[in-house]
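Written below as structure tokens is the structure these notes are about.
Since the model is a prediction, treat every value here as computed from it, not as a measurement.
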Amino acid sequence: MTNLVQFPGLGLEFELNRVAFHIGGISIYWYGVCIAVGLCLALIFAFRHSIEFGVDPDSMVDVILIGVVLGIISARAYYVAMAPFKYESIWDMIAIRDGGLAIYGGIIGGFLFGGLACKWRGVPVLPMFDLTAMGFLIGQCCGRWGNFFNQEAFGCNTTLPWGMYSEATRTYLMGSTVTAQSGMVIDPNLPVHPTFLYESLWCLAGFIMLFRYIKKRKFNGDIALRYMVWYGAGRFWIEALRTDSLMLVPSIGLRVSQLVAGIAVVAGIAAEIYFTRKYKGKPLMVPLALNPENRAAMKKLDGPLSFAGADTQLTASSPRQLFVERTESYNARVKQRIEETGRTEK
């Protein structure tokens, strides 16, 4: 459970225990802790900024729960389906404490099932996708450090100062499931690229850039598309360095993640160009979020309520505090109008 991880070029070494702590007789791994920390930070971000996207925080609880659970299941299913070896039992297939979550499976599952949950709960889909994209960047930035503790998701040999070496990297590189570019020689006794670190820093940079862009977004789904392009571009070159890639066509070295990343980049750029031109010169208006209580009450009425002259939306560039104030005021007016309508009907 313990690995001595060395960075010879930097003169650093760390003794890492894969187990963070124990609860009763159950070992809690750092891999799970890193994922949990990323998830918690993503949730904090989503609940704090949801109103700025026209999403009521209470309404998205079910969406998040469904998206997270089915996203993790999808990530594992994706990995199992593409793994270069056979699992001996169903229990091995569902054991994720040792790693084995394919991020693209999680992304696809999270967006797919989360989108369906949005339809079910009446949450606006594209604004929720924008929030989800920001959450993915936070989660991936933190979660990749679980690979560090597990000593996995590393790359081929490197002479760069931050090259990493451990007995775990050596043991893996001496195995038969190593994937490398054609003609590349792998020496198990030399340092390797810490590709988990590259991806973590890439996601951190993406989060910072997109966070600064939130108030400048042009249309709903803008952040999600830019996430597709940014993460896809990074994953494409990082995947080329890795020695544990899931292969689609091993004979020609076609890696699953590179194919998916390439498609995401091309499709994302095309969609971004199209929608940017379509909404050019039009400021994005964000409808104020209606809370679940008012939404449920409005459904019981014979017809929709109208608020002529009332402020029911703001420009996306508006400050967060204004969104909070206007949303509270809007929901108060809706509640009052519903009560008045209810008394009139009686």
Taking all heavy atoms of [X] and all of [Y], pick out the closest pair and write down the distance.
X	Y	result
Arg255	Ser245	NH1-OG, 2.6 Å
Arg217	Asp222	CA-OD2, 3.5 Å
Gly155	Val192	O-CB, 3.3 Å
Ala153	Arg144	CB-NH1, 4.2 Å
Tyr279	Lys218	CB-O, 4.1 Å
Pro191	Gly163	CB-C, 3.7 Å

Donor-acceptor under 3.5 Å ([X] side chain, [Y] main chain):
X	Y	value
Gln258	Phe236	yes
Ser200	Cys141	yes
Trp230	Trp202	yes
Thr327	Val324	no
Arg337	Val334	no

Is [X] linked to [Y] within one hydrophobic cluster, defined over Ile, Leu, Val, Met, Phe, Trp and Tyr using a side-chain heavy-atom separation of less than 4.5 Å?
X	Y	result
Leu41	Leu65	no
Phe219	Val229	no
Met209	Tyr227	yes
Ile107	Ile138	yes
Tyr274	Ile223	no

Give me the ring orientation class for [X] and [Y]: parallel if the planes are under 30° apart, tilted from 30 to 60°, perpendicular past 60°.
X	Y	value
Trp145	Phe196	perpendicular
Phe211	Phe45	perpendicular
Phe14	Phe7	perpendicular

May I ask you to test the [X]-[Y] pair for a side-chain heavy-atom distance under 4.5 Å?
X	Y	result
Val286	Thr315	no
His22	Ile28	no
Phe21	Tyr29	no
Tyr172	Asp244	yes
Val55	Pro124	yes
Leu290	Tyr330	yes
Phe323	Leu314	yes
Phe149	Val19	no

Any chance the side chains of [X] and [Y] put a donor and an acceptor closer than 3.5 Å?
X	Y	result
Glu152	Asn147	yes
Tyr231	Glu199	yes
Asn331	Asn294	yes
Asn291	Asp56	no
Tyr31	Arg18	no
Ser59	Arg295	yes
Arg333	Ser329	yes

**Item:** Cation-pi geometry met for Arg170 and Tyr165 (6.0 Å, 45°)
**Value:**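 Cation-pi check for Arg170 and Tyr165: fails.
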When rounded to the nearest 0.5 angstrom, what distance separates [atom1] in [X] from [atom2] in [Y]?
X	Y	atom1	atom2	answer
Ser27	Asn17	OG	CG	9.0 Å
Ile64	Ser50	CD1	OG	8.0 Å
Glu272	Met228	CD	CE	10.5 Å
Leu197	Leu201	CG	CG	4.5 Å
Leu112	Leu116	CG	CG	5.0 Å
Thr195	Ile238	OG1	CD1	7.5 Å

**Request:** For side-chain contact (heavy atoms from CB on, under 4.5 Å), just list the numbers for Ile186 and Cys156, CA-CA rounded to whole Å, side-chain angles, deciding distance to a tenth of an Å, and then say yes or no.
**Result:** CA-CA 7 Å; Ile186 301 295; Cys156 54; 3.7 Å; yes
**Request:** Begin with the C-alpha distance, continue with both residues' side-chain angles, and end with the deciding distance and a verdict on side-chain contact (heavy atoms from CB on, under 4.5 Å) for Glu13 and Val5.
**Result:** CA-CA 5 Å; Glu13 63 179 38; Val5 182; over 6 Å; no
**Request:** Dump the intermediate steps for ring-ring contact (aromatic ring centres under 6.0 Å, His included) on Tyr198 and His193, then the final yes or no.
**Result:** CA-CA 9 Å; Tyr198 300 167; His193 283 283; 5.7 Å; yes
**Message:** Between Leu210 and Met134, is the side-chain contact (heavy atoms from CB on, under 4.5 Å) condition met? List the steps.
**Reply:** CA-CA 8 Å; Leu210 287 181; Met134 298 298 292; 3.6 Å; yes
**Request:** Evaluate the side-chain contact (heavy atoms from CB on, under 4.5 Å) criterion for residues Thr2 and Leu16: first the C-alpha distance (whole Å), next the side-chain angles of each, then the deciding distance (0.1 Å), finally the verdict.
**Result:** CA-CA 5 Å; Thr2 301; Leu16 302 180; over 6 Å; no
**Asked** Do you know which of Phe111, Phe136, Phe53 makes ring-ring contact (aromatic ring centres under 6.0 Å, His included) with Phe129?
**Response**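 The single option meeting the ring-ring contact (aromatic ring centres under 6.0 Å, His included) with Phe129 is Phe111.
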**Item:** Neighbour count above 12 (heavy atom, 6.0 Å) for Arg320 CZ
**Value:**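 It does: Arg320 CZ has more than 12 such atoms within range.
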